J.: 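Shown below is the structure under consideration.
Everything quoted here is computed from the prediction, not taken from an experiment.
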Amino acid sequence: VQLQASGGGLVQAGGSLRLSCAHFGSIFNINGMGWFRQAPGKEREFVAAVTRSGLTYYQNSVEGRFTISGDNAKNTVLLQMNSLKPEDTAVYYCAASYRLGDYKRGEFYDRWGQGTQVTVSS
């Protein structure tokens, strides 16, 4: 499986962006897809995840503002980000997991896409 993230950009605070993660290759073994982000000088952190069965998980700071969804027909996972804040500025990465586990933890993911930059100006 190869992952390709897109949709990042520059937006003013309060604005919206939609990130897309296209996955190429066999998806039958994918149990979870997630988004993580890393701001300059900070560690990578969990943002959101969706499981094969449709369960979703969010970091507390984005719950209610971000929505993760999967489009199996298009082999794509989306992250709709609304009410963006300057502290959401980071490089966002999508990832795929073949395993059952804690999808909030990066070590449970097996494939990672390249990052896409999200910059929120105040």
Side-chain angles (χ1 to χ4, degrees):
V1 169
Q2 292 183 332
L3 305 176
Q4 184 172 3
S6 61
L10 173 64
V11 65
Q12 289 187 332
S16 299
L17 283 174
R18 187 173 71 173
L19 304 184
S20 177
C21 179
H23 42 90
F24 304 95
S26 175
I27 65 170
F28 294 108
N29 293 329
I30 295 178
N31 284 308
M33 294 285 295
W35 286 95
F36 290 75
R37 66 188 181 188
Q38 187 167 19
K42 296 186 177 181
E43 293 186 353
R44 182 185 65 193
E45 64 176 5
F46 168 76
V47 177
V50 59
T51 70
R52 173 184 287 274
S53 61
L55 294 175
T56 56
Y57 303 92
Y58 296 94
Q59 186 200 106
N60 287 343
S61 69
V62 308
E63 184 129 31
R65 299 188 297 122
F66 292 10
T67 303
I68 188 171
S69 61
D71 185 339
N72 290 333
K74 296 182 179 180
N75 287 356
T76 300
V77 174
L78 303 175
L79 183 68
Q80 178 67 42
M81 305 186 296
N82 299 328
S83 302
L84 283 161
K85 304 175 181 180
E87 51 264 43
D88 295 318
T89 295
V91 178
Y92 284 68
Y93 299 90
C94 64
S97 175
Y98 300 134
R99 292 173 271 178
L100 297 176
D102 185 353
Y103 296 116
K104 296 182 179 180
R105 297 174 60 183
E107 52 265 43
F108 279 95
Y109 289 84
D110 303 288
R111 293 289 185 269
W112 292 81
Q114 90 291 359
T116 184
Q117 176 71 47
V118 171
T119 304
V120 185
S121 63
S122 57

J.: Residues in side-chain hydrogen bond (donor to acceptor under 3.5 Å, both in side chains) with N82, at least two apart?
T.: S16, Q80

J.: Determine which pairs satisfy salt bridge (charged side-chain N to carboxylate O under 4.0 Å, His left out) with at least one residue from residues 109-120, sequence neighbours left out, and list them in order.
T.: R99-D110

J.: How close do H23 and T76 get, heavy atom to heavy atom, and via which atoms?
T.: NE2-N, 3.7 Å

J.: Would F108 and L100 satisfy side chain to side chain contact (heavy atoms under 4.5 Å, CB included), going step by step from the backbone distance to the final call?
T.: CA-CA 8 Å; F108 279 95; L100 297 176; over 6 Å; no

J.: Let me confirm one number: the NZ-OG distance from K85 to S122, rounded to the nearest 0.5 Å.
T.: 14.0 Å

J.: Please report the shortest heavy-atom distance between S83 and D88, naming the atom on each side.
T.: O-OD2, 4.5 Å

J.: Which ILVMFWY residues are connected to L78, directly or by a chain of links, through side-chain heavy atoms under 4.5 Å apart?
T.: none

J.: State, to 0.1 Å, how close Y103 and G32 come at their nearest heavy-atom pair, and which atoms those are.
T.: CE2-CA, 3.9 Å

J.: Per the side-chain contact (heavy atoms from CB on, under 4.5 Å) rule, which among I68, L19, V120, V47 passes with M81?
T.: L19

J.: Scan for disulfide (SG to SG under 2.5 Å) pairs involving residues 72-122, sequence neighbours excluded, and state none if there are none.
T.: C21-C94

J.: Quick one: which residue pairs count as a side chain to side chain donor-acceptor pair (under 3.5 Å) with a foot in residues 89-98, not counting sequence neighbours?
T.: R37-Y92

J.: Could you tell me which non-hydrogen atom of T116 sits nearest to which non-hydrogen atom of A5, and how far apart they are?
T.: CG2-CB, 4.3 Å

J.: What's the shortest heavy-atom distance between L3 and Q114, and which atoms?
T.: O-OE1, 3.7 Å

J.: Who passes salt bridge (charged side-chain N to carboxylate O under 4.0 Å, His left out) against E43, sequence neighbours left out?
T.: none

J.: With Q117, which residues qualify under side-chain hydrogen bond (donor to acceptor under 3.5 Å, both in side chains), at least two apart?
T.: T119

J.: Partners of R18 by salt bridge (charged side-chain N to carboxylate O under 4.0 Å, His left out), sequence neighbours excluded?
T.: none

J.: Under the ring pair (Phe, Tyr, Trp, His ring centres under 6.0 Å) test, which residues partner F36, sequence neighbours left out?
T.: F46, Y109, W112

J.: Who pairs with T51 by side-chain hydrogen bond (donor to acceptor under 3.5 Å, both in side chains), at least two apart in sequence or on another chain?
T.: S53

J.: R44: what forms a side-chain hydrogen bond (donor to acceptor under 3.5 Å, both in side chains) with it, not counting sequence neighbours?
T.: none

J.: Is there a path of hydrophobic side-chain contacts, each under 4.5 Å between heavy atoms of I/L/V/M/F/W/Y residues, joining V11 to F66?
T.: yes

J.: Could you give all pairs that pass the salt bridge (charged side-chain N to carboxylate O under 4.0 Å, His left out) test and reach residues 112-122, with sequence neighbours left out?
T.: none

